[in-house]
Amino acid sequence: MKTKVTLPDGSVRSYDGAVTAMDVAKSISEGLARNVLSARVNGEVRDANRTLPEDCTLSLLTWNDTDGKATMWHSSAHVMAEALEALYPGAKFGIGPAIENGFYYDVDLGDRSIGEADFAAIESKFKELVAKKLTFDRKEVSKADAIAYFTEKGDEYKLELIEGLQDGQITFYEQGNFTDLCRGPHIPDTSGIKAMKVLSVAGAYWRGDEKRKQLTRLYAITFPKQKELDEYLLMLEEAKKRDHRKVGKELDLFTFSERVGAGLPLWLPKGAALRERLINFMKTAQEKAGYVQVATPHIGSKTLYETSGHWEKYGKDSFQPINTPQEGELFMLKPMNCPHHCEIFASRPRSYKDLPLRLAEFGTVYRYEQSGELHGLARVRGFTQDDAHLFCRPDQVKEEFLKVIDLVLLVLKALDFKNFEAQISLRDKVDRSKYIGSEENWVKAEQAIIDAAAECGMKTVVEYGEAAFYGPKLDFMVKDALGRKWQLGTIQVDYNLPERFELEYVGSDNAKHRPVMIHRAPFGSLERFIAVIIEHTGGRFPLWLTPEQAIILPVSDKYLDACAHIAGMLKDSDIRASVDERNEKVGRKIRDAELAKTPYMLVIGEKEAADGTVSVREHGQGDLGSMSPTAFADLVKARIAEQLNGRVAEKEHKTN
RNA sequence: GCCUUUGUAGCUCAGGGGUAGAGCACUUCCUUGGUAAGGAAGAGGUCCCGGGUUCAAUUCCCGGCAAAGGCUCCA
């Protein structure tokens, strides 16, 4: 018998008799064999020490492969479980998968609990086990034997998992003193695990069901080198430094108050001004794109939300209605702007010539979020959407999508997001019972979205079954500077509300027609959007957006008058600048301005005061030399113009 | 809402059964200094809130509230 193996580079190797992936690795090089964690055989990831089929394609997976990492983390989860079983006898185990960064294991400790203080003990037990160079032995077992094993052990979670499996497809993996129900694959042995850290502990419902028991979920990560763990921990520190809650406080942008209430942000002057700039940016762009601005109140009659259907669907999970003292009328804090906008559409007869009608409002809405769900500005209970509703004819959907996409791209460019993709959410391919609206309209709209996205040449993924019941949608996902994913802008087609509000327009045929409604919010919400740009930029906002564009630093208070004069000139050029009048040395003023992330510092001393120049220093760059105030103003304006056209970003990146 | 952790000066944090500390920020004074921290003095606290144990609680216990990390949910 011969085994024929095709490697990723296309080369074919032939072996006598049965071989494993590990054998193949050894035949290539000892070094490779040491690094092999698992293998992809005919597309399936398997243990490296399993016998290969006679004819197969093989990729040897190491730490450099996502699947290789996942194998090591999954094996690490088993070892951590063994450690937990040793430290907490009688613990029962749920599931322990590898995740994007590391792994976790869900465990039922009975009435015991694990806190951060216990991490060290778990880590040292883990290291002790790993040092034994444990191997993972795969065993195929019958369903009856599997049930017998875990009945004996008294682990009802594993028994429940086994129940869902087919006899003949059940495998156990055994390492050291620990045997687990597991599909595999696993690493050859634990000698490659050189560093381990328990990261956090949290509660997690068994099978994600809040009605079932809450298990203790222990998150951890392992690495093949201590240095890599150190780097990972350093990266986590970096992310912490960019945390919008921390940066927001440092830059005096916003705050929260217990007395005002959780999840209700208070915008400080600098933050409020930054918000205003974003709003004005969007307003200007929307005006150019043919939107009209409307304004509606913060509450609306409960009847309005009964009409829209929101009351029935979300009423229980909303802030409860407020009532009037005399008449007992019920009002809702508005959770969304669309019902109000529908009423504006319905306020008078509409002709097809009026369409598309684009109603825009920076509308503040209030949504109840569970207390545990609140998170800085990213998840709040009161927030302002850059909302608009487009009422159009079915044949205008694509054109409107194109225009909205343009708007979103403008935003992404102005904020220096280069890494993004569009997700198109369509109907379930099979089950169409839950969707409202005619087949014809859906087909048309889905095609319109796909075409519009294609025409813009965006990186796009299509998800079937992700559409809302009322229409298909397109969401923008961006990656920030640390590679974390965020969902920002959204564009959604809605067939439901026009129906419920019985919206109509008169067509060219003089008959009544139902308009299509499109919800869209390029920022999503200002709160969330600002949170994302803070974390993306680390607080070093684009020049056009930043709170203070320049700070003027007198070398001594003899030059305060000269500084005031420069400040006035800059103000006339619409540049945001102030004078640091403190009785400190320039070195100190520069340091503070650098820490405050002020883009430009203008030093004024004897020389500048005499010849009317400014000595310019750029944040993070250092001294740029001196120039006239006008030249500086021009420089700032040119920078801003470039940023708003989206070109400066790439340039800056190259010089960095 | 649930699990784990946390709550001490404006900020970052130390401390601990006998009514409290540091650095930065702040105020005043000295200093007038040229590209990342000049010096000195001073002021500032309901130790998150409520209850309990104790001769005595900021510290220990219980209950709230808020925050952090998760889970669940999300128009």
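Atoms considered below: every heavy atom in the structure, side chains included; atoms not considered: hydrogens, waters and symmetry mates.
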Query - Protein-to-nucleotide contact annotation, 5' to 3' order, nucleotides 36-48 of chain B [B base; S sugar-phosphate only; - none; under 4.0 Å, heavy atom] - result: BBB----------

How is [X] classified with respect to the nucleic acid when contacts are heavy atoms under 4.0 Å: base, sugar-phosphate, or nothing?
| X | answer |
| --- | --- |
| A:G625 | nothing |
| A:A204 | sugar-phosphate |
| A:L215 | nothing |
| A:S371 | base |
| A:Y104 | nothing |
| A:K249 | sugar-phosphate |
| A:H519 | nothing |
| A:R245 | sugar-phosphate |
| A:E608 | base |

On a plain distance test, is the side chain of [X] in donor-acceptor contact with the base of [N] below 3.5 Å?
| X | N | value |
| --- | --- | --- |
| A:S615 | B:U35 | yes |
| A:R367 | B:C74 | no |
| A:Q214 | B:C71 | no |
| A:Y559 | B:G33 | no |

List in chain and number order the residues that pass ring-ring contact (aromatic ring centres under 6.0 Å, His included) with [X], two or more places apart in sequence or in another chain; answer none if no residue qualifies.
| X | value |
| --- | --- |
| A:H244 | A:H375 |
| A:F345 | A:F391 |
| A:F529 | A:F523 |

Report task. Look at the rings of A:H298 and A:Y366 and say which category their plane angle falls in: under 30° parallel, 30 to 60° tilted, over 60° perpendicular. Result ->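 A:H298 and A:Y366: tilted rings.
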
Of the listed nucleotides ([options]), which one gets closest to any side-chain atom of [X]?
| X | options | result |
| --- | --- | --- |
| A:E606 | B:G1, B:A75, B:G34 | B:G34 |
| A:V555 | B:A66, B:C73, B:G34 | B:G34 |
| A:H310 | B:U32, B:A75, B:G69 | B:A75 |
| A:M336 | B:C71, B:G33, B:A75 | B:A75 |
| A:S318 | B:U35, B:A75, B:C71 | B:A75 |

Query raised in the report: What interatomic distance, in whole Å, is found between C1' of B:G15 and the corresponding atom of B:G21?
Result: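 Going atom to atom, C1' in each nucleotide, I get 7 Å.
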
Query raised in the report: Got a sec, which residues hit salt bridge (Lys or Arg N to Asp or Glu O under 4.0 Å) with A:R617, two or more places apart in sequence or on another chain?
Result: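 A:R617: salt bridge (Lys or Arg N to Asp or Glu O under 4.0 Å) contacts with A:E594.
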
Report task. Mind jotting down which residue pairs meet the salt bridge (charged side-chain N to carboxylate O under 4.0 Å, His left out) criterion with at least one end in residues 295-309 of chain A? Sequence neighbours excluded, please. Result ->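 Matches after skipping sequence neighbours: A:K302-A:E306.
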
Query raised in the report: Is the ring centre of A:Y314 under 5.5 Å from the base ring centre of B:A75, and are the two planes under 30° apart, so that they stack?
Result: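 A:Y314 ring centre within cut-off of B:A75 base, planes near parallel; stacks.
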
Report task. Hey, which sits more toward the 5' end of RNA chain B by its nearest nucleotide, A:S556 or A:H375? Result ->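 The residue whose closest nucleotide sits nearer the 5' end is A:S556.
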
Query raised in the report: What do you reckon, are the aromatic ring centroids of A:Y495 and A:Y435 less than 6.0 Å apart?
Result: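 No.
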
Query raised in the report: Taking the six-membered ring for Trp, is the centroid-to-centroid distance between A:Y219 and A:Y104 below 6.0 Å?
Result: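 Distance test on ring centres: under 6.0 Å, yes.
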
